[in-house]
Amino acid sequence: MKKLLFSLFLFVLPLAAHAQTQLKFGYFSYQKAFESMPDYAIARRNLDDLKGKYDAEMQRVEDEFNKKYEEFLDGQREFAPSILRKRQAELQEMMEKNMAFKEEARRLLKQAEQDAYAPLKTKLAEAVRGIGDARGYAFILNTDGNAVPYVSSLAGEDITALVADSLR
């Protein structure tokens, strides 16, 4: 029985070694390839402009609130109780609206980023798929985020530059 298992092992070992040498894969930095795309700079600039507009509006609203709050603090001793409550309610409402606006701005910026990058991500995925098919890779790994701490350059090929070049 041991002889049979040993013979089987000797028969399978060369097949396994041969299969390993045939398995090819690529690896690349998704972020580097993504940021190398010409359209990435345009999308990033548009998103930065939009963020700047939201930041300016948030600053304006914050300055307006601070001014009203200072006016409230300066006059609160002289206000009649009903006026004091009215001004407090106005300040509370302004603060709630400001917080809601900030949250909505964050949501809209995130959505704008997703919308701006979606076609770029599709284009990148198509380029990677094309390179994988053309080079006969079994798979392609994304090395970003320390997801793949070690890749043998003997078994795999770094295709970051190849992907970036195909996107230009």
> Any non-hydrogen side-chain atom of N98 less than 4.5 Å from a side-chain atom of E62?
no

> One thing to verify: whether E126 and R129 come together as a salt bridge, which I'm taking to mean a side-chain N less than 4.0 angstrom from a carboxylate O.
no

> Please report the closest heavy-atom contact between Y27 and G156, naming both atoms and the distance.
CE2-C, 3.6 Å

> Give a yes or no on whether V148 and I140 share a hydrophobic cluster (residues Ile, Leu, Val, Met, Phe, Trp, Tyr; joining criterion: side-chain heavy atoms under 4.5 Å apart).
no

> Could you go through residues 159-168 and list every donor-acceptor pair under 3.5 Å that involves a side-chain atom there, pairing it with any protein atom two or more places apart or in another chain?
{"from": "T160", "atom 1": "OG1", "to": "S29", "atom 2": "N", "distance (Å)": "3.0"}
{"from": "T160", "atom 1": "OG1", "to": "D158", "atom 2": "OD1", "distance (Å)": "2.8"}
{"from": "D165", "atom 1": "OD1", "to": "R168", "atom 2": "NH1", "distance (Å)": "3.0"}
{"from": "S166", "atom 1": "OG", "to": "V163", "atom 2": "O", "distance (Å)": "2.8"}

> Taking the six-membered ring for Trp, are F28 and Y30 parallel (under 30°), tilted (30 to 60°) or perpendicular (over 60°)?
tilted

> Under the salt bridge (charged side-chain N to carboxylate O under 4.0 Å, His left out) rule, what pairs show up with a residue in residues 131-143, not counting sequence neighbours?
R135-E157

> Do L108 and M58 share a hydrophobic cluster, counting only Ile, Leu, Val, Met, Phe, Trp and Tyr and linking them when any side-chain heavy atoms are less than 4.5 Å apart?
yes

> Going only through I, L, V, M, F, W and Y residues with side-chain contacts under 4.5 Å, is there a path from M94 to L73?
yes

> How many angstroms lie between NZ in K97 and CZ in F65, if you round to the nearest 0.5 Å?
13.0 Å

> Please tell me if the side chains of Q76 and R87 come closer than 4.5 Å, counting only heavy atoms from C-beta onward.
no

> According to the salt bridge (charged side-chain N to carboxylate O under 4.0 Å, His left out) rule, which pairs have a member within residues 138-150, sequence neighbours left out?
none

> Side-chain atoms of residues 32-55: list all donor-acceptor pairs with protein atoms under 3.5 Å, sequence neighbours left out, distances to 0.1 Å.
{"from": "E35", "atom 1": "OE2", "to": "Q31", "atom 2": "NE2", "distance (Å)": "2.7"}
{"from": "S36", "atom 1": "OG", "to": "A33", "atom 2": "O", "distance (Å)": "2.7"}
{"from": "R44", "atom 1": "NE", "to": "D48", "atom 2": "OD1", "distance (Å)": "3.3"}
{"from": "R44", "atom 1": "NH1", "to": "Y117", "atom 2": "OH", "distance (Å)": "2.8"}
{"from": "R44", "atom 1": "NH2", "to": "D48", "atom 2": "OD1", "distance (Å)": "3.1"}
{"from": "N46", "atom 1": "ND2", "to": "I42", "atom 2": "O", "distance (Å)": "3.4"}
{"from": "K51", "atom 1": "NZ", "to": "D55", "atom 2": "OD2", "distance (Å)": "2.9"}

> For atom CZ of F101, decide whether the heavy atoms of other residues, nucleotides or ligands shown that lie under 6.0 angstrom number more than 12.
yes

> Taking salt bridge (charged side-chain N to carboxylate O under 4.0 Å, His left out) as the cut-off, I'd like each qualifying pair that reaches into residues 107-116, sequence neighbours left out, listed once.
E104-R107

> Nearest 0.5 angstrom please: L23 CG to F139 CZ, how far?
5.0 Å

> With the threshold set at 4.0 Å, does a side-chain nitrogen-carboxylate oxygen contact exist between E70 and K67?
no

> Mind checking what makes salt bridge (charged side-chain N to carboxylate O under 4.0 Å, His left out) contact with K68, not counting sequence neighbours?
none

> Are a donor atom and an acceptor atom from the side chains of Q92 and E96 found within less than 3.5 Å of each other?
yes

